[in-house]
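Comments concern the structure below.
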Amino acid sequence: MTGSIGWKLALCILAFPTFAAKKLKFVLYYPQIPPYMYQDAHTQKVVGVIPDLIEDFFKQQQVSVEFILDNRRGAELRLYSGDVDAMLIAREWAVNPAQLIFSEPVLAHRDFLFSLQPFAASDTPAKWLADKKVCTRQYYVYDALEPFFIKNGTQRIDASSELAQLRMLQNGRCDYAYLNEHVAKWIALHQLSDAPLYQSPLEFGMVGLTIALHPQWQAYLPGLNQYLQKAREQGLIDEKLDWYIKKPD
């Protein structure tokens, strides 16, 4: 990462209010979601775009960050109870969003279908998906696909992770895998580099990933939003995302 961007961000947040020292328990999903957040295979250190930003901001606030390993559903339930303090989730995916507070979007991603065969660009999504099986990730909400599940004969086949989705695609258990562009690119480069993978010519919507916090962290939210806004404006988030996608194993 370039030192200049980090230095500018540090200057920007000096004016933020500080609070009594404490610890933030942030959920690291299992199975993990690189390049957003994951454990380095060699060091076991939690790395990725989200940990970098979270640790940088809260260090300025004299708050240490502890990463708690949990699955997507369990993490959300623990967040409502206050057993953990924060997780990465879009507001529209939460079961009870009114019980949480949400940051501005950290970054946005587009969702695509992925196939072992090229897509016919002249076809429509309805034709691609008619009576087909789509590998999806367990517990995830897919608003863009729901109309096809209801009226198009499209079948949802859940997998435990994005890598498992693509493995199931390779094994013929589904016709397509449905993933976001950043995770798919990371997996294609680091775990499936010897296998052809084709992306649909059309996207299926865009999602802004936000940090959801327990309401007891409300005092930190304005500063966090200012920090994320500066990080986007200065290109830090895009730079980190590109670096982690291409990062050597």
Side-chain angles (χ1 to χ4, degrees), residues 27 29-38 48-50 71-76 87-95 97 105-210 212 241 244-245:
V27 173
Y29 289 163
Y30 182 83
Q32 298 163 40
I33 47 173
Y36 300 147
M37 51 183 184
Y38 62 104
V49 178
I50 302 303
N71 63 45
R72 163 69 179 77
R73 176 173 289 179
E76 186 174 348
M87 65 185 289
L88 184 69
I89 182 176
R91 181 188 294 270
E92 56 266 34
W93 297 346
V95 175
V106 181
L107 53 83
H109 69 75
R110 297 171 298 170
D111 293 324
F112 293 89
L113 290 173
F114 290 87
S115 172
L116 301 181
Q117 304 294 329
F119 286 80
S122 59
D123 287 347
T124 63
K127 189 169 183 179
W128 293 333
L129 288 165
D131 299 314
K132 293 293 193 292
K133 297 178 181 179
V134 181
C135 280
T136 51
R137 181 158 175 174
Q138 189 179 29
Y139 306 134
Y140 277 29
V141 176
Y142 296 102
D143 290 335
L145 291 183
E146 281 303 320
F148 300 100
F149 295 146
I150 295 170
K151 298 181 179 179
N152 212 44
T154 309
Q155 184 177 352
R156 173 174 178 161
I157 308 293
D158 276 352
S160 61
S161 69
E162 283 84 356
L163 177 59
Q165 288 176 244
L166 293 174
R167 294 290 189 200
M168 290 166 65
L169 175 66
Q170 289 180 320
N171 294 334
R173 295 184 59 186
C174 50
D175 301 289
Y176 304 106
Y178 187 80
L179 289 85
N180 92 53
E181 57 186 318
H182 303 141
V183 176
K185 186 178 293 186
W186 190 95
I187 293 174
L189 285 173
H190 296 270
Q191 296 177 318
L192 295 175
S193 58
D194 60 341
L197 193 62
Y198 298 92
Q199 178 179 294
S200 60
L202 298 176
E203 64 185 70
F204 285 74
M206 181 172 288
V207 176
L209 290 178
T210 56
L241 181 61
Y244 274 109
I245 288 174

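If you read the sequence from its start, that first residue is 1, and numbering goes on from there.
The salt bridge (Lys or Arg N to Asp or Glu O under 4.0 Å) test with Glu162 singles out one residue from Lys185, Arg137, Arg167, and that residue is Arg137.
Leu88 contributes atom CG, which lies 5.0 Å from atom CG of Leu209 (distance to the nearest 0.5 angstrom). For the atom pair OG1 (Thr136) and CG (Leu179), the distance works out to 10.0 Å, reported to the nearest 0.5 Å. To the nearest 0.5 Å, the span separating CD on Gln165 from CZ on Phe114 amounts to 10.0 Å. Between Ile33 atom CD1 and Ser161 atom OG the span is 11.0 Å, to the nearest 0.5 Å. One finds the CD1 atom of Ile50 at 9.5 Å from the CG atom of Leu241 (value rounded to the nearest 0.5 Å). Once rounded to the nearest 0.5 Å, the distance linking CD of Gln199 with OG of Ser115 reads 11.5 Å.
By the 4.5 Å heavy-atom criterion applied to side chains, Leu116 and Pro196 are not counted as neighbours. Proximity of Asn152 to Pro147: side-chain heavy atoms (C-beta onward) are nowhere separated by under 4.5 Å. Between Leu202 and Phe112 there is no side-chain heavy-atom pair separated by less than 4.5 Å. With contacts defined as side-chain heavy-atom distances shorter than 4.5 Å, the pair Val207/Asp111 qualifies. Side-chain contact between Val134 and Ile157 is absent, with no heavy atoms from C-beta onward closer than 4.5 Å. Side chains of Leu129 and Leu113 form a contact here, defined as non-hydrogen atoms less than 4.5 Å apart.
In this structure, the side chain of Thr154 does not engage the main chain of Phe149 through any donor-acceptor pair within 3.5 Å. Side-chain N or O atoms of Asn180 include one that pairs as donor or acceptor with a backbone N or O of His182 at under 3.5 Å. The main-chain N or O of Pro34 is never found under 3.5 Å from a side-chain atom of His190 such that the two would form a donor-acceptor pair.
Taking the six-membered ring for Trp and thresholds of 30 and 60 degrees, Trp128 and Phe204 have ring planes inclined between 30 and 60 degrees apart. Aromatic ring pairs are classed by plane angle as parallel below 30°, tilted from 30° to 60° and perpendicular above 60°; the pair Tyr140 and Tyr142 is tilted. Ring geometry, His109 versus Trp93: the interplanar angle falls from 30° to 60°, so the pair is classed tilted.
Annotation for Tyr29 and Ala75: closest pair CE2-CB, 4.4 Å, computed over non-hydrogen atoms. In terms of heavy-atom proximity, Ile245 sits nearest to Pro35 at CG1-CG, 3.7 Å.
Residues forming a side chain to side chain donor-acceptor pair (under 3.5 Å) with Gln32 (at least two apart in sequence, or on another chain): Gln39. Annotation: salt bridge (charged side-chain N to carboxylate O under 4.0 Å, His left out) contacts of Arg72 (sequence neighbours excluded): Glu76. Glu203 is linked by a salt bridge (charged side-chain N to carboxylate O under 4.0 Å, His left out) to Arg110, counting only residues two or more places apart in sequence or in another chain. Here Glu92 pairs with nothing under the side chain to side chain donor-acceptor pair (under 3.5 Å) rule; sequence neighbours left out. Arg156 meets the salt bridge (charged side-chain N to carboxylate O under 4.0 Å, His left out) test with Asp158; sequence neighbours excluded.
Tyr176 has its ring centre less than 6.0 Å from the ring centre of Phe119.
With a 6.0 Å radius and a threshold of 12 heavy atoms from other residues, nucleotides or ligands, Lys132 has its NZ atom above the threshold. The environment of Tyr30 atom OH is sparse: at most 12 non-hydrogen atoms of other residues, nucleotides or ligands sit within 6.0 angstrom.
Evaluation of the disulfide (SG to SG under 2.5 Å) test over residues 132-195, restricted to residues two or more places apart or in two chains, returns Cys135-Cys174.
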**Q.** Audit row: Tyr38, Tyr244, side-chain contact (heavy atoms from CB on, under 4.5 Å) steps and yes/no
**A.** CA-CA 11 Å; Tyr38 62 104; Tyr244 274 109; 3.6 Å; yes
